[in-house]
Amino acid sequence: MRWIHLKNKPLTPIFSEFFIPMNLSYWEYKTWLANVDYTVVGSGIVGLNCALALRKKHPHAKILVLEKGILPQGASTKNAGFACYGSISEILSDLKDHTEEEVFELVKMRWEGIGLLREMLGDKALEYEQHGGHEIFAKSNTEKYERCLQKHHEVNRLLQPIFGQNAFEQQKNSFDFGNIKDHYLVNRLEGQIDTGKMMNALLQKAILEGITVLNSVSLMKFEALSEGVELQTDQFDFKTNKLFIATNGFAPLILEEDIVPARAQVLITKPMQHLHIKGTFHMDEGFYYFRNIDNRLLLGGGRNMDLEGERTSEFGLTDKIQDKLEFLLREVILPGKNFEIERRWSGIMGVGSQKRPILKHLNDHVFCGIRLGGMGIAIGSFVGKSLAGLPERQD
Ligand SMILES: Cc1cc2nc3c(=O)[nH]c(=O)nc-3n(C[C@H](O)[C@H](O)[C@H](O)COP(=O)(O)OP(=O)(O)OC[C@H]3O[C@@H](n4cnc5c(N)ncnc54)[C@H](O)[C@@H]3O)c2cc1C
């Protein structure tokens, strides 16, 4: 058996220096790793949806999901839980470097993706609520606000065939935000979910469907053979008939595609009495976002303050960004209110020069579904399903 040297790979320091290959028993190998039909790498929203779609097509196949974390460890368990279609300023910004058709297709993919997710897991399991997505503008940001206000009718016209109605409208600042224009631009159809519940429901479903999920196993390298693929992990080697890579922001560690990691930092307050804010909120073209959850305020963003520093697949927090998030809580979102911060974390997204996800076959047996940017809740189920369908499209 060949083992690659693990130095400089994204493992714990102990593993990266001293690697002890696992001696699998006959039973372990035969039961879990022999004759694997489909291996999915990554148990985020894309990987699990891919595995579930494969199960639907191949009821008797042996399907394995490999996950490097003890829990899913990328963006799918770290995000803000917005079931969103893009704020007005984000859509206008997208229209600068994408064609109208591309923007239309992206929003459509989000709309259909959220529909797919809701249909598959149900609103109760997702704790889906629809309180609208509000884009708020700083008082000093008159130019952008006026432009968005003026253009929102055009965006409504462009997206009318998707939503079947004019989704965006102007609403009064009824949440008492500080230093914010008197009106927001709201997409009435935007919703929010409980991210943890969504991922737990997906995992439970995968297990019920006879899909094996192996945690704490990291794919290090793969080699396509004439029949199938040989995989080297940090625990063992094995072969699979087809390989599906759904590692999103970590993909640059094993693939050469137009994708780079983008870390995003988040904080959440302790529960607050009479929290009056309800819904999802976007600021600065989506670089800041916040919402209510369990009487708390969850706030994320600030990556634009240090785009270079946040281009990393290492989890972590920085004072610069956390201070800015706290400043926004204090001065803009909850002015004059007492709050305490309970928890802070980061997640890793995958972004690139284009917003469209990369869905492609890399060779006869290897496929990838990556680069979901900040919209994986919306398009993750769709991308996972499409990833599972790539082998057929190739035939
Ligand atoms: C802070 C934050 C807030 C966000 N908010 C929203 C939001 O409100 N709405 C929205 O739509 N989107 C949001 N997103 C984006 C969304 O979460 C992602 O687009 C989506 O989760 C991507 O899903 P995925 O399955 O492609 O990737 P991931 O969830 O990152 O899954 C990839 C998995 O692959 C595993 N993996 C990586 N490398 C290996 C390897 N070599 N071997 C084995 N396993 C491996 C990782 O551990 C990970 O679990 C947010 C993201 C972040 C970070």
Side-chain angles (χ1 to χ4, degrees), residues 9-11 39-51 64-86 109-110 113-114 117 133 190-193 195 198-199 202-203 213-222 231-235 243-255 259 261-268 280-282 286 288-291 293 298-303 310 313 315 321 325 344-351 355 357-359 368-381 383-384 387:
K9 292 287 174 184
L11 296 173
T39 300
V40 180
V41 184
S43 73
I45 185 170
V46 173
L48 291 176
N49 272 288
C50 173
L64 187 62
V65 177
L66 300 183
E67 167 55 53
K68 77 180 166 79
I70 298 169
L71 297 169
Q73 192 82 88
S76 298
T77 47
K78 313 280 190 189
N79 61 57
F82 288 28
C84 58
Y85 310 106
M109 201 191 287
R110 290 173 165 196
I114 289 171
L117 187 67
E190 190 162 309
Q192 57 204 76
I193 64 164
T195 290
M198 169 192 74
M199 286 302 291
L202 278 175
L203 273 167
V213 181
L214 294 183
N215 287 83
S216 302
V217 180
S218 195
L219 174 68
M220 310 301 290
K221 203 173 163 190
F222 61 89
L231 277 74
Q232 295 181 346
T233 77
D234 59 340
Q235 306 289 345
L243 172 64
F244 299 84
I245 298 177
T247 57
N248 201 34
F250 304 91
L253 297 167
I254 43 175
L255 298 179
I259 179 168
R263 185 170 67 191
Q265 302 184 31
V266 184
L267 56 74
I268 193 164
T280 55
F281 297 84
H282 310 255
Y288 296 96
Y289 39 89
F290 58 95
R291 61 171 285 188
I293 173 80
L298 180 153
L299 165 65
R303 199 165 58 81
E310 296 301 298
S313 51
F315 294 100
I321 290 178
L325 295 179
R344 305 170 197 265
W345 67 90
S346 68
I348 310 296
M349 299 184 288
V351 300
K355 271 199 164 173
I358 302 174
L359 261 169
C368 74
I370 53 176
R371 197 174 67 190
L372 279 86
M375 49 189 191
I377 289 179
I379 63 172
S381 11
V383 172
L387 176 58

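All ligand and atom numbering here is 1-based and tracks the order in the structure.
- Of the N or O atoms in Leu219, one or more lie within a sub-3.5 Å distance of an N or O in ligand 1.
- Near Gly74, with a cut-off below 4.0 Å to any heavy atom, the atoms of ligand 1 are 30 (O), 48 (C), 49 (O).
- Side-chain atoms of Leu214 and Glu67, non-hydrogen and from C-beta on, never get closer than 4.5 Å to each other.
- Using a 3.5 Å distance cut-off with no hydrogens or angles, the side chains of Asn79 and Thr195 do pair a donor with an acceptor.
- In summary, of the residues considered (Phe290, Tyr289, Tyr288), a side-chain contact (heavy atoms from CB on, under 4.5 Å) with Phe281 occurs for Phe290 alone.
- Considering backbone and side-chain atoms alike, Lys68 places an N or O below 3.5 Å from some N or O of ligand 1.
- Near Ala264, the atoms of ligand 1 lying under 4.0 angstrom from a non-hydrogen atom of the residue are 1 (C), 53 (C).
- The contact set between ligand 1 and Phe82, taken as ligand atoms under 4.0 Å from a residue heavy atom, comprises 7 (C), 8 (O), 9 (N), 10 (C), 11 (O).
- Per-residue contacts place Gly347 under 4.0 angstrom from the following atoms of ligand 1 (heavy atoms of the residue considered): 53 (C).
- Taking a 4.0 Å cut-off on heavy atoms, Gly81 registers as neighbouring ligand 1.
- Considering backbone and side-chain N/O atoms, Gln73 comes within less than 3.5 Å of an N/O atom of ligand 1.
- None of Met375, Glu310, Arg303 except one satisfies the side-chain contact (heavy atoms from CB on, under 4.5 Å) rule with Met349; the exception is Arg303.
- Looking at Gly113, Ser43, Gly376, Ser76, it is Ser76 that brings a heavy atom closest to atom 21 (O) of ligand 1.
- Annotation: Val266 places no N or O atom under 3.5 Å from an N or O atom of ligand 1; distance criterion only.
- Between Gly380 and ligand 1 there is no heavy-atom distance shorter than 4.0 Å.
- Looking at Tyr289 next to ligand 1, no N or O pair under 3.5 Å apart turns up.
- In the model, Thr280 has no side-chain atom that pairs as donor or acceptor with a side-chain atom of Gln192 under 3.5 Å.
- With distances taken over non-hydrogen atoms, the option nearest atom 43 (C) of ligand 1 out of Val217, Thr247, Ile70, Val383 is Val217.
- Heavy-atom contacts of Val41 reach the following atoms of ligand 1: 40 (C), 42 (N), 43 (C), 44 (N) (cutoff under 4.0 Å).
- In terms of polar-atom proximity, Gly249 is not counted as a contact of ligand 1, lacking any N or O under 3.5 Å from an N or O of the ligand.
- Annotation: the span from Leu202 atom CG to Ser43 atom OG amounts to 10.0 Å, rounded to 0.5 Å.
- Ligand 1 is never approached by Trp345 to a heavy-atom distance shorter than 4.0 Å.
- In summary, the aromatic rings of Phe82 and His282 are positioned with their centroids under 6.0 Å apart.
- Pairs engaging residues 369-379 under the salt bridge (Lys or Arg N to Asp or Glu O under 4.0 Å) rule: Asp258-Arg371 [sequence neighbours left out].
- The CG atom of Leu219 sits 12.5 Å away from the CD atom of Gln235 when rounded to the nearest 0.5 Å.
- For ligand 1, the atoms lying closer than 4.0 Å to a non-hydrogen atom of Gly44 are 25 (O), 29 (O), 31 (O).
- Heavy-atom contacts of Met349 reach the following atoms of ligand 1: 51 (C), 52 (C), 53 (C) (cutoff under 4.0 Å).
- Atoms of ligand 1 lying under 4.0 Å from at least one heavy atom of Val46, given by number and element, are 24 (P), 25 (O), 26 (O).
- For a threshold of 3.5 Å applied to N or O pairs, the pair formed by Ile45 and ligand 1 contains at least one separation below that value.
- Between Ser218 and ligand 1 there is a heavy-atom distance shorter than 4.0 Å.
- The CG atom of Leu231 lies 7.0 Å from the CG atom of Leu66; values are rounded to the nearest 0.5 Å.
- Contact between Gly373 and ligand 1 is present, with at least one heavy atom of the residue lying under 4.0 Å from the ligand.
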